[in-house]
Amino acid sequence: MSQTSGQKKRISKRVEAIHGIGFARFLKLLHSMSKEGLISLSVGEPDFGTASPVCEAAAQAASEGWTKYTPSNGFPELRQAIARDIEKRHGITYDPETEIIVTVGVSQAIDLGFRATLDPGDEVITPDPHYICYPPNIRLAEGVTVRVPTDPSDSYALEPDEMEAKITPKTKVLLFGNPANPTGALMQKDVLENVARIAEKHDIIVFADEIYSTFIYGGAKFTSFASLPGMKERTLLLNGFSKRYGMPGWRIGYAAGPADIIGAMLEMMQHTMLCPPNSTQWAALAALNMDDEADFAKVLEHYDRRRQLLYTELNRIGLSTPEPKGAFYIFPDVSVTGLSADEFVEKLLLEEKVMCLPGDSFGEQGKQHMRICYATPYEGLQQALVRIEKFVNKYRQ
Ligand code: PLP
């Protein structure tokens, strides 16, 4: 970021430090190209839209005058419905008055969560690869990201001993996405239990980003971290409506956790965002009140078919990848071409008009990988695979 010499620095060090993280370069490239024939496997949003009763609830709320500021932690009706949903899915009981805050997506919950808990220099341990936005949020809260490498050879399982070895007196938070973006890795219960033991031993807060917890395949079992004995007291459970309910643009999510942390987040909310958007909260309430489990099971069948197609075909082509068990991403190794992640993704876009994301945006462990999002119809994925195979054959070493 340029700073004119001789003038006072205008941009803060915090923001300078996050400059250039991510894949903005590719989005710029994408926007400069014709979209004709392009297959985008990049943006992590479901390909199903928001259900009509949800849209109707928001429209009705707005037309009835629900357009003013709301309580800073969200309407009580929505917090109560969130508490019921968590109880039903994971058997954890939260007090909707003091232990839940409605936020502008999980994104705002992450931001508030870190600013509520980190002092300058505090460390946050996270498995690598990780969601792109974790390190910038940690940095903006003046914390330091400490990465624990995970590996495709054991399906990106977090090794609790390696995590424990990273703990220092400055370690404040352990953060993970489960299932994970970008790998689709699902954390097994025994791993979570070991993480719980370590968190307790070293008195560490855990941020469990469970935004993909309903996207689980092949009979695998999801365990919510806060449901483990003693963990509710030290866990900030993050979840939202963007993925499960096809509502990314509505910008709504929540955090559930200990009253002191939720209270600190609320205090910041009161002075920053003021409140989550009004009619969106009624949309979220309608989403939770829908009886749509059977419909969602059908959606998952489609996603599972796509997952299996990619897993089988990418490995056949030579882009090796473990089987993802959750979310809607797969993270193949592109090193068979001798190209770096960046080169691979750029050339694939320019030469074959298939847009994926470079793995290095997701951490050190992604240098030889790309992220594919399969929230795209099956036929589109088949076409993309034909192009990817042609491309790999051209560059294969
Ligand atoms: N956490 C993870 C792991 C994500 O992948 C995303 C979005 O892709 C988010 C959080 C942000 O979600 P929201 O739309 O609720 O802000």
Side-chain angles (χ1 to χ4, degrees), residues 20-30 38-47 106-107 126-136 147 149-152 155-156 176-186 209 211-212 215 217 242-243 248 303 306-315 317-337 339-350 352-377 380-381 383-385 387-389 391-392:
I21 297 182
F23 43 81
R25 184 169 84 81
F26 290 92
L27 294 183
K28 214 166 149 194
L29 190 63
L30 180 71
L38 179 89
I39 305 176
S40 177
L41 309 177
S42 54
V43 184
E45 53 190 6
D47 56 337
V106 169
S107 305
T126 194
D128 179 340
H130 49 68
Y131 174 47
I132 280 183
C133 299
Y134 292 157
R147 297 174 167 89
T150 61
D151 216 88
S155 301
Y156 295 102
F176 55 77
N178 184 33
N181 174 4
T183 59
L186 177 68
D209 180 350
I211 193 166
Y212 297 104
F215 291 83
Y217 311 103
S242 296
K243 317 290 175 177
Y303 277 54
R306 300 169 187 179
R307 175 187 75 102
Q308 292 181 41
L309 172 76
L310 285 171
Y311 171 56
T312 311
E313 285 299 293
L314 289 168
N315 279 302
I317 291 167
L319 303 184
S320 76
T321 165
E323 182 184 354
K325 291 282 166 59
F328 36 71
Y329 307 107
I330 193 162
F331 202 58
D333 184 331
V334 301
S335 55
V336 69
T337 57
L339 301 172
S340 70
D342 261 32
E343 288 166 340
F344 187 102
V345 169
E346 182 171 348
K347 284 182 191 291
L348 183 66
L349 176 60
L350 294 175
E352 294 296 336
K353 291 200 118 180
V354 177
M355 171 80 178
C356 300
L357 294 180
D360 54 359
S361 303
F362 300 89
E364 304 271 311
Q365 295 296 97
K367 287 208 172 91
Q368 300 287 358
H369 295 73
M370 67 170 167
R371 190 192 79 170
I372 294 177
C373 170
Y374 52 85
T376 292
L381 291 176
Q383 267 183 43
L385 282 163
R387 297 188 200 178
I388 291 172
E389 181 164 18
F391 179 82
V392 169

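In this chain, numbering begins with 1 at the start of the sequence shown. Not measured: the values here are computed from a predicted model.
Heavy atoms only, all atoms of each residue included: Thr376 and Cys373 are closest at OG1-O, 4.2 Å. Scanning all heavy atoms of the two residues, the minimum distance from Pro46 to Ala375 falls at CA-CB, 3.9 Å. Considering all non-hydrogen atoms of both residues, Gly380 and Ile39 come closest at O-CD1, 3.8 Å. The nearest pair of heavy atoms linking Ser155 to Ala185 is O-CB, 3.6 Å. Taking each heavy atom of Glu364 and Arg147 in turn, the nearest pair found is CG-CD, 4.2 Å. In terms of heavy-atom proximity, Leu339 sits nearest to Gln368 at O-OE1, 3.7 Å.
Classified by interplanar angle (parallel below 30°, tilted 30° to 60°, perpendicular above 60°), the ring pair His130/Tyr134 is tilted.
Atoms CD1 and CG, on Ile211 and Asn178 in that order, are 13.0 Å from each other to the nearest 0.5 Å. Atom CG of Leu41 and atom CG of Leu357 lie 9.5 Å apart (nearest 0.5 Å). Thr183 OG1 to Gln365 CD: the interatomic distance, rounded to the nearest 0.5 Å, is 11.0 Å.
Atom NZ of Lys325 sits in a sparse spot, with 12 or fewer heavy atoms from other residues, nucleotides or ligands closer than 6.0 Å.
A heavy-atom distance below 4.5 Å is not found between the side chains of Leu349 and Val354. Counting only heavy atoms from C-beta outward, the side chains of Tyr156 and Pro127 never approach each other to under 4.5 Å. Using a 4.5 Å heavy-atom threshold, the side chains of Val334 and His369 count as separate. Taking 4.5 Å as the limit, some side-chain heavy atom of Glu346 sits within range of a side-chain heavy atom of Leu29. Side-chain contact check for Thr150 versus Pro129: some heavy-atom pair is nearer than 4.5 Å. Between Ile317 and Leu385 the shortest side-chain heavy-atom distance falls below 4.5 Å. Residues Asp47 and Pro377 form a side-chain contact, since some pair of their non-hydrogen atoms from C-beta on lies under 4.5 Å apart. The shortest distance between side-chain heavy atoms of Phe331 and Ile372 does not fall below 4.5 Å.
A donor-acceptor contact closer than 3.5 angstrom is absent between the side chains of Ser340 and Asp342.
Within the 3.5 Å criterion, the main-chain N or O of Ala327 finds a donor-acceptor partner in the side chain of Tyr217. Looking at Arg371, its side chain never comes within 3.5 Å of a backbone N or O of Pro182 through a donor-acceptor pair.
In terms of the ring-ring contact (aromatic ring centres under 6.0 Å, His included) criterion, residue partners of Phe328 (sequence neighbours excluded) are, by chain and number, Tyr212, Phe215, Tyr303.
One finds a salt bridge joining Arg307 and Glu323 here, because a Lys/Arg side-chain nitrogen approaches an Asp/Glu carboxylate oxygen to under 4.0 Å.
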